[in-house]
Asks: 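This is the structure I have questions about; it appears just below.
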Amino acid sequence: MFAVVDIAGQQFKVAEKTKYYVPRLDVEKDAEVTFENILLFSDGKKTEIGAPNVENIKVHAKVLEHLQDDKVIVFKKKRRKSYRVKNGHRQQLTRIEVTRIGQ
């Protein structure tokens, strides 16, 4: 059983009892989160495709922690102009565990 869920503008294929890194959610640690934007649902026998969302299906997840991704270095240079700029960025993430897919 799996579902394709829209979380913060990104699509994730999720299954029960699995952990995922998603963009930062504004909820507390150990809180229960429900996602209702289900784009596709399959239970192994039949598949439902939403137009735009599948009705009566929700994904329930538990927030495990908030963290930052690895640093990405952004380096800009223009040759022969003495121009060099070095910046870094760390994406804010939330780690969730999908507990249940269903009603």
Side-chain angles (χ1 to χ4, degrees):
M1 177 182 319
F2 71 91
V4 176
V5 183
D6 181 13
I7 301 173
Q10 296 181 7
Q11 296 177 9
F12 294 90
K13 179 181 176 183
V14 298
E16 291 182 350
K17 308 287 190 267
T18 53
K19 298 174 179 143
Y20 299 96
Y21 292 101
V22 298
R24 178 68 64 119
L25 302 174
D26 291 332
V27 294
E28 296 293 323
K29 183 179 174 184
D30 297 325
E32 191 73 24
V33 181
T34 303
F35 301 107
E36 298 180 358
N37 292 335
I38 312 301
L39 306 174
L40 182 137
F41 173 73
S42 176
D43 60 358
K45 298 176 184 168
K46 66 176 187 169
T47 302
E48 295 181 41
I49 299 174
N53 296 327
V54 178
E55 301 294 326
N56 302 324
I57 300 292
K58 296 180 182 177
V59 173
H60 302 276
K62 180 181 179 182
V63 175
L64 300 177
E65 63 180 331
H66 297 292
L67 63 146
Q68 292 181 328
D69 201 5
D70 295 333
K71 182 173 262 191
V72 176
I73 302 297
V74 179
F75 185 74
K76 299 178 182 180
K77 179 181 177 181
K78 294 183 181 177
R79 63 184 189 153
R80 298 187 301 269
K81 304 295 182 195
S82 297
Y83 175 78
R84 289 180 294 214
V85 175
K86 181 179 177 183
N87 286 321
H89 175 74
R90 293 186 73 183
Q91 190 67 34
Q92 304 289 319
L93 299 175
T94 299
R95 188 169 184 220
I96 62 170
E97 179 180 11
V98 176
T99 55
R100 186 167 53 98
I101 299 174
Q103 305 296 338

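Everything numeric in this text was worked out from a predicted model, so none of it was measured.
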Asks: Between F41 and I38, which heavy-atom pair has the shortest distance, and what is it?
Replies: CB-CG2, 4.4 Å

Asks: In the single-linkage hydrophobic clustering (I, L, V, M, F, W, Y; side-chain heavy atoms under 4.5 Å), do V27 and I96 co-cluster?
Replies: yes

Asks: How far does CG of L67 sit from CD of Q92, to the nearest 0.5 angstrom?
Replies: 8.5 Å

Asks: Within a strict 4.5 Å, meaning less than it, do heavy atoms of the V22 and Q10 side chains meet?
Replies: no

Asks: Could you tell me which non-hydrogen atom of Y21 sits nearest to which non-hydrogen atom of F12, and how far apart they are?
Replies: O-CE2, 3.7 Å

Asks: When rounded to the nearest 0.5 angstrom, what distance separates CG in N87 from NZ in K76?
Replies: 7.0 Å

Asks: Are V5 and V33 in one and the same hydrophobic cluster, where Ile, Leu, Val, Met, Phe, Trp and Tyr link if side-chain heavy atoms are under 4.5 Å apart?
Replies: yes

Asks: Give the minimum heavy-atom separation between K13 and Y20, together with the two atoms involved.
Replies: O-OH, 3.4 Å

Asks: Distance from I49 atom CD1 to L39 atom CG, nearest 0.5 Å?
Replies: 10.5 Å

Asks: Say you draw a straight line from CG of D43 to CZ of F2; how long is it, rounded to the nearest 0.5 Å?
Replies: 9.5 Å

Asks: For residues E28 and V63, determine if any side-chain heavy atom of one lies less than 4.5 Å from a side-chain heavy atom of the other.
Replies: no

Asks: Could you report the tightest heavy-atom contact between G50 and V54, atom names first, then the distance?
Replies: N-CG2, 3.5 Å

Asks: If you round to the nearest 0.5 Å, how far is NZ of K19 from CD of E97?
Replies: 5.0 Å

Asks: Rounded to the nearest 0.5 Å, how far does CD1 of I101 lie from CD1 of I57?
Replies: 9.0 Å

Asks: Work out which heavy atom in A3 is nearest to a heavy atom in V59; give both atom names and the distance.
Replies: CB-CG2, 4.3 Å

Asks: Which pairs with one or both residues in residues 57-71 pass side-chain hydrogen bond (donor to acceptor under 3.5 Å, both in side chains), sequence neighbours excluded?
Replies: T34-H60, H60-R100, H66-T94, Q68-R90

